[in-house]
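In what follows, every heavy atom counts, from backbone to side chain, and hydrogens, waters and symmetry copies are set aside. Values in this document were obtained by computation on a predicted structure and should not be read as measured data.
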Amino acid sequence: MRLQGSRVSACSLWRFSKSSRLLVAAATAFSLSAPALAQSQEDAARSFSSSGLWASEIRDYASKSLNNEQGLSVAAVPLNGPGIDQYVNADQLMNPGSIMKLVTTYAALELLGPNHHWNTDFLTDGQMVGDTLEGNLYVRFGGDPKLTLERLWGTLRELKDMGINRISGDLVLDGSYFQVDGGFPHFEDNGNNPYAPFLVEPSAYLTNLNLLHFQVRADERGTQAWTTPNLGEVTIDNRVTAVPEGPCPSRRDFKWQPVFHDDQRVTVQVTGELPQGCRTTTYMSLLPHDHYAASTIRTVLSEMGIIVSGGDRFEQTPEDLRLVMRTTSPDLVTMVRDINKWSSNVMARQMLLAIGAEVRQDSDNDDRVAGIRAIYDWLEQKGINTAGMVIDNGSGLTRHGRITARQGARILQHAWESRYASDLMASLPIIAMDGTMARRLRNTGMDGEGRIKTGTLADVRSIAGFARDENNTTWAIVGMVNNSPAWNGRAVLDRVLHSLHYRPPTGTAVSRADSASTSIQ
């Protein structure tokens, strides 16, 4: 008989610690000397003690660091080797921040499939006559989370290759793919920058993440400023002064101030000092989705020498149009990687809407609500208790999101067994190497020893993913700090990962190879 396994019940451990006869049998089987037997008993006691104390030590450390006994919630579960489940305030509902993206992306992999794609179609109601498209050019958006400027350029280039230099009609954009009833829940941001990239909301019109990339460079001529894409509605008032060569300053040394005009144009004033040979950049979202998409498409066409004679219209596409071109997104696995490696809020929110659009019922009028319902149903079918869980928008960019560490760990346990486990794991930042974990736990010997999604909000720090200990056991780990302030929560969570790697709570097990021999493990 062999008592083997990665987890051992408390009852088995008690029997081991109390039964001198078992220890004697083990000593006899292996001809242990009295000192060796004593040492084995001491090692076993130490192992059992440390396994029981791991969660307690983490709780004590967090309590002192945060000055709050309830500020940290942790769940750590071994997946493929020896270890004992560890929980600290694990049933306490916490704001998870961006680790909620793990729920959304895992759900998308299973509900939409890893090879799911999004199409953006270009259609016309006219004919090509010579170098002119006689008619309107329609753009039917499909909710693509990442319709980039490069992909637009490659697709619209086909018109130029067909010999088209002019479109006689209008540019008509159809953003009806998503159904949204009354907009999205408002996020109260305290960063004093409503134009920040992480605040971009989802939209069927989403193009190039709705961002403008501003750059200023200094050289012997002075300073030059430009934006990509170069939209006609946006003007730069460049007040940056060129100074002699020197260290390149931080982006924080420059002030970018947009001024909005009544004709929907924007002037962006930038001030600061820039040494020769240096440049500074920033990203901002300044235009509504529909107008940004229309202006970007017009700009790309214009740079190719294709002029659109008509105006812009925003309406649904008629059924009897002719397809001219189509751009198809990378597969969902690629999107999931972008979302989790770099914590893209708008792409995650777009993914939630895509789930909702896919499962939408006749009675549904909001794809966000339909997507959330689909994820709850999916989780409950897996036997996961969703009581108290609040998904809200799928990205974690919310003050209302809630989940417990135990719920998060259970989800990760199912993800570990999923057909798409490798796709989800490959999307997570690698400790001390890339993504949002690139600068964390460096010089600790833990490079590459885990794939961890991170989360950051005011008063929130969080981690979730898969971490490997020194015994090569992989753990599902979820840790959340909800505390005011939470600035030192990152150090607390790094301590959790460090301790789990170097001092894993493996406990003690008794193993019997056969009836004639017994071993202590």
With distance as the sole test, does [X] use its side chain to make a donor-acceptor pair with the main-chain N or O of [Y] at under 3.5 Å?
X: H400; Y: P185; value: no
X: Y292; Y: L211; value: yes
X: N488; Y: S65; value: yes
X: S250; Y: D253; value: no

Kindly write out the residues that satisfy side chain to side chain donor-acceptor pair (under 3.5 Å) with [X], not counting sequence neighbours, or none if the list is empty.
X: W256; value: none
X: Y195; value: none
X: T280; value: none
X: S499; value: W54

Intermediate values then yes/no, side-chain contact (heavy atoms from CB on, under 4.5 Å), T328 and R151: CA-CA 9 Å; T328 299; R151 282 178 49 213; 5.6 Å; no
Set of side chain to side chain contact (heavy atoms under 4.5 Å, CB included) partners for I430, sequence neighbours left out: K341, M433, D434, R451
V369: partners by side chain to side chain contact (heavy atoms under 4.5 Å, CB included), with sequence neighbours left out: D366
NZ/NE/NH1/NH2 to OD/OE distance under 4.0 Å, K382 and E110: yes
Test: R503 and E57 ion pair at under 4.0 Å: yes
Using a cut-off of 6.0 Å, state whether more than 12 heavy atoms not belonging to [X] lie near its atom [atom1].
X: W487; atom1: CH2; value: no
X: Y283; atom1: OH; value: no
X: N115; atom1: CG; value: yes
X: E69; atom1: CD; value: no

Is the closest side-chain donor-acceptor distance between [X] and [Y] under 3.5 Å?
X: N210; Y: Y205; value: no
X: K101; Y: T104; value: no
X: T120; Y: T327; value: no
X: S395; Y: N393; value: yes
X: N238; Y: T223; value: yes
X: T207; Y: T296; value: no

Inter-residue atom distance [X].[atom1] - [Y].[atom2], 0.5 Å rounding:
X: K453; Y: I99; atom1: NZ; atom2: CD1; result: 8.5 Å
X: T454; Y: L493; atom1: OG1; atom2: CG; result: 10.0 Å
X: L428; Y: I463; atom1: CG; atom2: CD1; result: 12.0 Å
X: N340; Y: T105; atom1: CG; atom2: OG1; result: 4.0 Å

Evaluation steps, ring pair (Phe, Tyr, Trp, His ring centres under 6.0 Å), between W378 and Y106: CA-CA 11 Å; W378 167 76; Y106 173 30; 4.7 Å; yes
Derivation and outcome, side-chain contact (heavy atoms from CB on, under 4.5 Å), residues R251 and T282: CA-CA 8 Å; R251 286 186 294 179; T282 194; 5.6 Å; no
Can you check whether [X] reaches [Y] side chain to side chain, under 4.5 Å on heavy atoms?
X: H213; Y: T227; result: no
X: M94; Y: I403; result: no
X: L332; Y: P114; result: no
X: D459; Y: N482; result: no

Verdict with supporting geometry, T334 and D331, side chain to side chain donor-acceptor pair (under 3.5 Å): CA-CA 6 Å; T334 303; D331 60 23; 2.8 Å; yes
Pairs meeting criterion ring-ring contact (aromatic ring centres under 6.0 Å, His included) with involvement of residues 63-91, two or more places apart: none
By ring pair (Phe, Tyr, Trp, His ring centres under 6.0 Å) - contacts of H414 (at least two apart): none
Set of residues satisfying ring pair (Phe, Tyr, Trp, His ring centres under 6.0 Å) with respect to H116, sequence neighbours excluded: W118
Which residues share a salt bridge (charged side-chain N to carboxylate O under 4.0 Å, His left out) with R59, sequence neighbours left out: none
Aromatic Y61 / basic R495 pairing, under 6.0 angstrom, 45° off normal: yes
For T398, the option from D392, N95, N345 that meets side-chain hydrogen bond (donor to acceptor under 3.5 Å, both in side chains): D392
Pairs where residues 440-450 contributes a residue and the test side chain to side chain donor-acceptor pair (under 3.5 Å) is met, not counting sequence neighbours: R440-D494, E449-R468
Steps toward side chain to side chain donor-acceptor pair (under 3.5 Å) verdict (S344, K146): CA-CA 11 Å; S344 173; K146 197 177 180 183; over 6 Å; no
F466 and W416 aromatic ring geometry - parallel, tilted or perpendicular at 30°/60° bounds: tilted
Working for side-chain contact (heavy atoms from CB on, under 4.5 Å), residues M335 and D144: CA-CA 10 Å; M335 300 293 189; D144 190 336; 3.4 Å; yes
Acceptor/donor pairs from residues 268-279 side chains to any protein atom, 3.5 angstrom cut, sequence neighbours excluded:
unit_1: Q269; atom_1: NE2; unit_2: D237; atom_2: OD2; d: 3.4
unit_1: R279; atom_1: NH1; unit_2: Q215; atom_2: OE1; d: 2.8

side-chain contact (heavy atoms from CB on, under 4.5 Å) between L497 and I477, intermediate numbers included: CA-CA 8 Å; L497 291 171; I477 176 70; 4.2 Å; yes
